[in-house]
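Presented below is the structure to which this report refers.
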Amino acid sequence: MSLIAVDGLSVRYGENTVLHDVSLAVEPGEIVTIVGPNGSGKTSLLKAIIGAARPAAGDVRLKPGLRIGYVPQRLHIDPTLPITVERFMRLTEKVARTDCMAALDAAGVPDLLKRQMSQLSGGQFQRVLLARALINQPEILLLDEATQGLDQQGSAAFYKRIETVRAETGCAVLMISHELHVVMSASDRVVCLNGHVCCEGTPAVVASAPEYRALFGTGTGGALALYRHEHDHDHDHDNPHSHEAAE
């Protein structure tokens, strides 16, 4: 049974239709990435899935009792507010300290429990949000451009951790990303959205699709090469030619 099944979904805000006739499914254990230009309806799709946006047509079906972990695009916490990572992770429900520690370990930041949220780097902050999403052992993680504001190295490290979480827990992942090198390296399947589903399939299939190339050009091969180079060698991050298309 699919974890999430979207069938003929349309979403409108007033007279503006942001999504029409969108259908997709997420199966257990797979990583699916949604890409598309600004204004293509990516976040609206995620909102419809979690029930924060009402469909104008079509429907969204979730597996009964589905456990969802959600990592938002960004979260603002008043820097003057004294709140530790542990306190933040236990704000909305009672969670045992051991569960907090296990989730932080899974997110790759096991030593942050007593740190102040205001003292965290951008990458650490996002890892804490990931840990909070992992506390209830979700069957699927939803990520809404979770690395926005991080540099390329921080983004790559974050998504590498997502792959590790999937490998260790078996949870599925549905993520929105504007970083095309992530799409080409971390996903089992890609859905290209522009108000509707332009194309979908494996990264290789989507990267060669005319609809995808019309939106993004042909440079993602070079971005993929850069991503792999960074992880294979951990140096020479500033090669000015690494961003060029490698067809």
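This chain uses plain numbering: 1 for the first residue, then up along the sequence.
- In this structure, Cys100 SG and Leu112 CG are separated by 12.5 Å, a value rounded to the nearest 0.5 Å.
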Walk me through whether Leu174 and Leu46 qualify under side-chain contact (heavy atoms from CB on, under 4.5 Å). CA-CA 9 Å; Leu174 177 62; Leu46 220 53; 4.0 Å; yes
Using the side-chain contact (heavy atoms from CB on, under 4.5 Å) rule, take Ile4 and Leu66 through it: C-alpha gap first, then chi angles, then the decisive distance, then the call. CA-CA 9 Å; Ile4 295 171; Leu66 182 66; 4.1 Å; yes
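- Here the side chains of Gln116 and Pro82 are in contact, with some heavy-atom distance below 4.5 Å.
- The two residues Ala207 and Arg213 make their nearest non-hydrogen contact at O-NE, 3.1 Å.
- Between Ser2 and Lys63, the shortest heavy-atom distance links the atoms O-CB, 3.8 Å.
- Linking ILVMFWY side-chain heavy atoms closer than 4.5 Å, directly or via other members, places Met89 and Leu141 in a single hydrophobic cluster.
- Note: Cys171 SG to Ile31 CD1 = 8.0 Å, rounded to the nearest 0.5 Å.
- Transitive grouping of hydrophobic side chains (ILVMFWY, heavy atoms separated by less than 4.5 Å) keeps Leu215 and Leu24 in distinct clusters.
- At least one donor-acceptor pair under 3.5 Å links the side chain of Arg166 to the backbone N or O of Gly29.
- Using a 4.5 Å cut-off on side-chain heavy atoms (C-beta onward), Ile68 and Pro138 make no contact.
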Decide side-chain contact (heavy atoms from CB on, under 4.5 Å) for Val60 and Leu62; before the verdict, give the C-alpha distance in whole Å, the side-chain angles of both, and the deciding distance to 0.1 Å. CA-CA 7 Å; Val60 176; Leu62 306 182; 4.1 Å; yes
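- Side-chain contact check for Pro28 versus Met1: every heavy-atom pair is 4.5 Å or farther apart.
- Neither Ile77 nor Tyr70 shares a network with the other; the hydrophobic side chains, linked directly or stepwise wherever heavy atoms of I, L, V, M, F, W or Y lie under 4.5 Å apart, form separate groups for each.
- Checking side-chain atoms of Arg115 against main-chain N and O of Gln119 turns up a donor-acceptor pair under 3.5 Å.
- Between the CE atom of Met117 and the CG atom of Leu129 there is a distance of 6.0 Å, given to the nearest 0.5 Å.
- Remark: Leu113 CG to Glu86 CD distance equals 4.5 Å, nearest 0.5 Å.
- In this structure, Ile34 and Leu45 have side chains that are in contact, with non-hydrogen atoms separated by less than 4.5 Å.
- Looking only at side-chain heavy atoms (C-beta outward), Asn194 and Pro37 come within less than 4.5 Å of each other.
- Between Asp99 and Arg90 no salt bridge is recorded (no basic side-chain N to carboxylate O distance below 4.0 Å).
- Of all heavy-atom pairs between Val165 and Ala106, the closest is CG2-O, 3.6 Å.
- Of the possible polar contacts, one joining the Ser121 side chain to the Gln124 backbone as a donor-acceptor pair under 3.5 Å is found.
- Heavy atoms only, all atoms of each residue included: Pro110 and Asp105 are closest at CB-OD1, 3.7 Å.
- Nearest heavy-atom pair across Gln126 and Pro72 is NE2-O, 3.9 Å.
- How far CG of Asp7 is from CZ of Arg61: 5.5 Å, rounded to the nearest 0.5 Å.
- A 4.5 Å side-chain heavy-atom check between Leu142 and Ile50 finds at least one atom pair inside the cut-off.
- Heavy-atom neighbours of Gln137 CD from other residues, nucleotides or ligands within 6.0 Å: at or below the threshold of 12.
- In terms of heavy-atom proximity, Ser40 sits nearest to Leu19 at O-CD2, 3.8 Å.
- Contact check for Leu143 versus Ile162: side-chain heavy atoms found under the 4.5 Å cut-off.
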What verdict does the side-chain contact (heavy atoms from CB on, under 4.5 Å) test give for Leu3 and Glu27, after you've listed the backbone C-alpha separation in whole Å, the side-chain angles of each residue and the deciding distance to 0.1 Å? CA-CA 6 Å; Leu3 300 180; Glu27 306 302 328; over 6 Å; no
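- A heavy-atom distance below 4.5 Å is found between the side chains of Leu75 and Phe88.
- Hydrophobic cluster membership differs between Phe216 and Ile176, with clusters built from Ile, Leu, Val, Met, Phe, Trp and Tyr side chains linked at under 4.5 angstrom.
- Few gaps surround CZ on Arg67; more than 12 heavy atoms of other groups in view lie less than 6.0 Å from it.
- At a threshold of 4.5 Å between side-chain heavy atoms, the hydrophobic network of Ile, Leu, Val, Met, Phe, Trp and Tyr places Val35 and Leu150 in two separate groups.
- Atoms CG and NZ, on Asp144 and Lys47 in that order, are 8.5 Å from each other to the nearest 0.5 Å.
- Without hydrogens or angle criteria, Arg189 side chain to Val32 main chain gives no donor-acceptor distance under 3.5 Å.
- A donor-acceptor contact shorter than 3.5 Å links the side chain of Ser10 to the backbone of Asp21.
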